[in-house]
Colleague: 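Got a structure for you, questions after.
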Amino acid sequence: MNPVERIVLQPWMEEPPTRKVMAALRAAGSPARFVGGSVRDALLGRPVLDIDIATPEPPDRVMALLAAAGIKTVPTGLAHGTVTAVVKPRHFEVTTLRRDVETDGRHATVAFTDDWAADASRRDFTMNALFLDSEGRIYDPLGGLPDLRAGYVRFVGDPASRIREDVLRILRFYRFLARYGKGEPDRAARAACRALANLLPTLSAERVATEFLKLLGVPDPLPVLGIMAEDGVLPILLPEATNLPRLAALLPLEPEADPLRRLGALLRGDGEAVGRRLKLSNDQVDRLAALSDPPWPVDPVGDASAQRRALHHLGPQRYGDLLLLRISETGEKGRLESLFAAAGAWKPRVFPLRGADLLEAGLPPGPEMGGLLAAIEAWWEENDFQPDRAACLARLAEIQGQA
Ligand code: ATP
Ligand code: MG
């Protein structure tokens with residue numbers, strides 16, 4: 001296969017970790033080429049975060065070649081030919097050229113090959129089937145380069161057949177559309193996504209969550225979410241994801257793109273239930289739960305002490321989430337920046353008394369002690385976390401004197 005063009009070497013290609021991995025893979029004479037996101041983004045002059053590499057060497061040889069160069073390997077998905085090479089601060093997904101011999105909509109049985117065009121053909125979109133070598137040469141067996149430049153997300157082969165092989169490709173289609181799409185999206189692809197959307201529930205929650213959060217992370221996910229709703233994909237994927245207007249109001253307020261917060265803005269109803277269903281981490285579920293059912297109110301026009309109390313109860317992240325959501329709903333964004341600055345500078349306040357202090361003060365252990373401690377804590381909080389240990393003990397004596 002001949003290269004179609006040559007690009008200038010990108011900084012990430014010349015970094016020592018990248019050079020080291022590529023040299024190790026080529027040590028036995030086989031080529032190794034970049035593929036996927038790094039190639040697309042290099043061609044478009046966008047920053048590259050993830051590096052995927054393709055090679056005709058089978059996975060056991062990939063492991064051996066990397067080990068021989070002293071590179072740490074992780075057998076990430078050996079059955080599919082994927083080995084992770086770790087050279088800090090980077091890691092590289094190295095995948096053996098393959099073709100899919102059997103597919104069931106969710107998994108594939110694969111055969112390794114040394115045929116670059118065959119490997120390109122099993123990939124999802126033409127713009128994802130571009131290869132780039134260490135000299136900057138681009139290989140394009142399927143005409144992905146013009147599609148990439150035109151912002152045209154085109155399935156490799158017949159969209160419906162490719163979706164039946166792996167239903168996740170429906171979500172990937174919209175994700176790449178959101179990230180690279182320009183102009184009218186491919187009609188045949190949209191029709192296939194519409195027709196096969198009923199297969200989405202067969203996908204594992206983890207795969208859906210990963211793709212959907214990536215989609216939500218693009219600079220402006222709204223237009224494509226609108227298309228997904230129109231195509232009947234969004235209601236099947238996530239019936240609760242109906243609050244597009246609230247997400248639209250949130251986007252211009254965000255200090256940075258945060259896919260999970262965006263998901264929270266998009267949902268109506270119980271965020272915790274959605275998070276559990278998507279098998280998100282406990283931290284992520286907790287954030288979604290707080291967005292739909294705030295454990296403490298956030299009032300963007302409340303005074304500084306009210307903000308501190310909210311920060312104390314919610315922590316800066318959930319506080320920031322709720323603040324942005326509230327302002328998305330009310331539109332009162334005047335104080336957003338100063339509130340965020342205060343949240344960023346927030347130091348957790350620690351209530352200065354413990355149960356042991358009450359025992360020492362002569363209180364009998366028991367349920368009343370917990371109540372008393374909580375009452376002093378509430379007073380400490382109402383006094384804006386100012387009372388120190390001595391003042392809290394004085395307050396204790398005062399309450400006891402009243403009793
Ligand atoms: P990103 O920048 O988001 O990582 P990417 O294109 O690198 O985008 P990955 O999920 O890392 O996406 O996959 C790497 C490559 O593997 C893709 O470019 C594509 O060629 C191929 N690929 C990944 N998932 C699929 C799939 N479900 N079906 C077909 N090919 C796929
Ligand atoms: Mg990638």
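Both counts, for ligands and for their atoms, begin at 1 and track the order of listing. By convention here, the first residue in the shown sequence is residue 1. Predicted, not measured: the structure shown is a model, and the values here were computed from it.
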Colleague: So, Arg308 and Glu381, do they make that salt bridge, N to O below 4.0 Å?
Modeller: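 Looking at Arg308 and Glu381, the cut-off is not met.
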Colleague: In the protein, which heavy atom is nearest to atom 4 (O) of ligand 1, and how far is it?
Modeller: Asp50 OD2, 3.7 Å
Colleague: Measuring from the heavy atoms of Glu165, does anything fall under 4.0 Å of ligand 1?
Modeller: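 No.
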Colleague: Starting from atom 27 (N) of ligand 1, what is the nearest protein heavy atom, named by residue and atom, and what distance separates them?
Modeller: Asp166 OD2, 2.9 Å
Colleague: When you look at Asp321 and Arg287, which way does the salt bridge (charged side-chain N to carboxylate O under 4.0 Å, His left out) test go after all the steps?
Modeller: CA-CA 8 Å; Asp321 285 352; Arg287 268 182 87 190; 2.8 Å; yes
Colleague: Provide, to 0.1 Å, the distance between atom 3 (O) of ligand 1 and the closest protein heavy atom, together with that atom's residue and name.
Modeller: Arg175 NH1, 2.8 Å
Colleague: Among protein heavy atoms, which lies nearest atom 16 (O) of ligand 1, and at what distance?
Modeller: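 Result: Arg123 NH1, 3.3 Å.
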Colleague: Closest by any non-hydrogen atom to atom 31 (C) of ligand 1: pick that one out of Leu130, Thr82, Leu171, Asp124.
Modeller: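 The nearest heavy atom belongs to Asp124.
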Colleague: Ignoring hydrogens, what is the shortest heavy-atom contact between Arg33 and Met1? Give both atom names and the distance.
Modeller: NH1-CE, 3.9 Å
Colleague: Report the relative orientation of the aromatic rings in His313 and Trp296; use parallel for angles under 30°, tilted for 30 to 60°, perpendicular for over 60°.
Modeller: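 Because their plane-to-plane angle is under 30°, the rings of His313 and Trp296 count as parallel.
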Colleague: Restricting to non-hydrogen atoms, name the atom on Ser305 and the atom on Asp384 that form the minimum distance, rounded to 0.1 Å.
Modeller: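 Taking every non-hydrogen atom into account, OG-OD1, 3.8 Å.
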Colleague: Suppose the cut-off is 2.8 Å; how many protein N/O/S atoms fall inside it around the Mg ion (ligand 2)?
Modeller: 1
Colleague: Answer yes or no for Asp52: is there a heavy-atom contact with ligand 1 below 4.0 Å?
Modeller: yes
Colleague: Is there any N or O on Arg207 that sits under 3.5 Å from an N or O of ligand 1?
Modeller: no
Colleague: Looking only at non-hydrogen atoms, find the nearest pair between Ser121 and Val156 and report the distance.
Modeller: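 Closest approach of Ser121 to Val156: O-CG1, 3.5 Å.
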Colleague: Does ligand 1 have an atom that lies less than 4.0 angstrom from a heavy atom of Phe176?
Modeller: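 The answer is yes, since Phe176 has a heavy atom less than 4.0 Å from ligand 1.
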Colleague: Checking the N or O distance criterion of under 3.5 Å, is ligand 1 in contact with Arg169?
Modeller: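 Among all N and O atoms of Arg169, at least one is under 3.5 Å from an N or O of ligand 1.
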Colleague: Does a side-chain N-to-carboxylate-O contact under 4.0 Å join Arg154 and Asp147?
Modeller: yes
Colleague: Answer with yes or no whether Glu93 contacts ligand 1, where contact means a heavy atom under 4.0 Å from a ligand atom.
Modeller: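 Glu93 does not count as a contact of ligand 1 under the 4.0 Å cut-off.
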Colleague: Which atoms of ligand 1 have any heavy atom of Lys214 under 4.0 Å away?
Modeller: 3 (O)
Colleague: Should Ile163 and Cys193 count as side-chain neighbours, where that means a heavy-atom distance under 4.5 Å?
Modeller: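 Yes, at least one pair of side-chain atoms sits under 4.5 Å.
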Colleague: Picking from Glu272, Glu206, Glu240, what satisfies salt bridge (Lys or Arg N to Asp or Glu O under 4.0 Å) with Arg277?
Modeller: Glu240
Colleague: Tell me yes or no: between the side chains of Thr242 and Arg268, is some donor less than 3.5 Å from an acceptor?
Modeller: yes
Colleague: Which option out of Arg46, Arg40, Arg172, Arg179 puts a heavy atom nearest to atom 6 (O) of ligand 1?
Modeller: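 Ranked by closest heavy atom to atom 6 (O) of ligand 1, first place is Arg40.
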Colleague: Check the pair Lys333 / Glu337 against salt bridge (charged side-chain N to carboxylate O under 4.0 Å, His left out), numbers first and verdict last.
Modeller: CA-CA 8 Å; Lys333 61 179 179 192; Glu337 243 173 81; over 6 Å; no
Colleague: Can you see whether Trp380 has Arg395 sitting over its ring - NZ or CZ less than 6.0 Å from the centre and within 45° of the normal?
Modeller: no
Colleague: Give the ring-plane orientation class for Phe125 versus Phe173, where under 30° counts as parallel, over 60° as perpendicular and anything between as tilted.
Modeller: tilted
Colleague: Is the shortest heavy-atom distance from the side chain of Pro56 to the side chain of Thr96 under 4.5 Å?
Modeller: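 Side chain of Pro56 against side chain of Thr96, heavy atoms only: no contact under 4.5 Å found.
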Colleague: Would Arg162 count as a contact of ligand 1 if the rule is a heavy atom under 4.0 Å away?
Modeller: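 No, Arg162 has no heavy atom closer than 4.0 Å to ligand 1.
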Colleague: Suppose I only count heavy atoms of Gly37 and a 4.0 Å limit; which atoms of ligand 1 are within that range?
Modeller: 2 (O), 5 (P), 6 (O), 7 (O)
Colleague: So, is Asp41 polar-close to ligand 1, with some N/O to N/O distance under 3.5 Å?
Modeller: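 In this structure, Asp41 places no N or O atom under 3.5 Å from an N or O of ligand 1.
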Colleague: Under 3.5 Å between any N/O of Glu211 and any N/O of ligand 1: does that happen in this structure?
Modeller: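 It does not: no N or O of Glu211 is found under 3.5 Å from an N or O of ligand 1.
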